[in-house]
Amino acid sequence: MSETGKPGTAPPRTRLMISGDSVLKLPRHIKLKHDQGRGIWLILAPERVFEPDETSVEVLKLCDGERPVSAIAKVLADQFQAPVEVILADITEMLQDLADKGVVTS
């Protein structure tokens with residue numbers, strides 16, 4: 001019997017909350033691939049395919065399981081000459097959406 005008390009049901013999934021201190025990576029079953037034929041990046045997940053925008057691709061390439069989100073924001077702020085606070089807010093929101101979809105994990 002599961003934690004919910006109903007036989008055969010899975011326990012509720014805990015939502016991963018993303019912050020500047022979060023250290024994220026793509027789970028083993030998720031792949032970020034460049035489709036040469038179409039010239040686009042794809043996130044390949046079991047039974048799902050996402051087409052991330054250019055910014056998302058740059059962020060996901062930096063989600064290596066070693067750097068916190070705040071360090072990723074710093075790299076991108078330097079790369080794009082933008083305020084780190086703005087970048088951090090934007091990528092935290094984007095990564096939260098991807099975490100809710102199971103694309104990134106801690």
Salt bridge (Lys or Arg N to Asp or Glu O under 4.0 Å) contacts touching residues 16-25 (sequence neighbours left out) =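 Checked against salt bridge (Lys or Arg N to Asp or Glu O under 4.0 Å) - neighbours excluded - no pair reaches residues 16-25.
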Salt bridge (Lys or Arg N to Asp or Glu O under 4.0 Å): pairs with one or both residues in residues 41-53, sequence neighbours excluded |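 Residue pairs passing salt bridge (Lys or Arg N to Asp or Glu O under 4.0 Å), neighbours aside: none found.
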Donor-acceptor pair, T92 side chain versus A89 backbone, under 3.5 Å?
->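 Answer holds: no.
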Sidechain-backbone polar pair: D64 side chain, R67 backbone, donor-acceptor under 3.5 Å |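 Yes: the side chain of D64 pairs with the backbone of R67.
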Considering only heavy atoms from C-beta outward, does the side chain of [X] approach that of [Y] to under 4.5 Å?
X: L76; Y: V84; answer: no
X: L95; Y: C63; answer: yes
X: K101; Y: Q96; answer: no
X: L60; Y: I43; answer: yes
X: D35; Y: W41; answer: no

Kindly compute the distance separating [atom1] ([X]) from [atom2] ([Y]), expressed to the nearest 0.5 Å.
X: L16; Y: S106; atom1: CG; atom2: OG; value: 5.0 Å
X: I18; Y: D100; atom1: CD1; atom2: CG; value: 8.0 Å
X: E66; Y: I72; atom1: CD; atom2: CD1; value: 11.0 Å

Transitively linked via ILVMFWY side-chain contacts under 4.5 Å: [X] with [Y]?
X: L98; Y: L42; answer: no
X: F80; Y: I91; answer: yes
X: V49; Y: I30; answer: no
X: L26; Y: V23; answer: no

If you look at every heavy atom in [X] and [Y], which pair is closest and at what distance?
X: T105; Y: P27; answer: CG2-CG, 3.9 Å
X: L88; Y: S70; answer: CD1-CA, 4.0 Å
X: G102; Y: H29; answer: O-NE2, 4.5 Å
X: M94; Y: S56; answer: SD-OG, 3.1 Å
X: K33; Y: L44; answer: CG-CD1, 3.7 Å
X: P68; Y: G20; answer: CB-O, 3.5 Å

Would the number of heavy atoms belonging to other residues, nucleotides or ligands and lying under 6.0 Å from CD of Q79 be above 12?
->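 Counting other residues, nucleotides and ligands, CD of Q79 exceeds 12 neighbours.
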Flag if over 12 foreign heavy atoms under 6.0 Å of NZ, K61 |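 Atom NZ in K61 is crowded, with more than 12 foreign heavy atoms closer than 6.0 Å.
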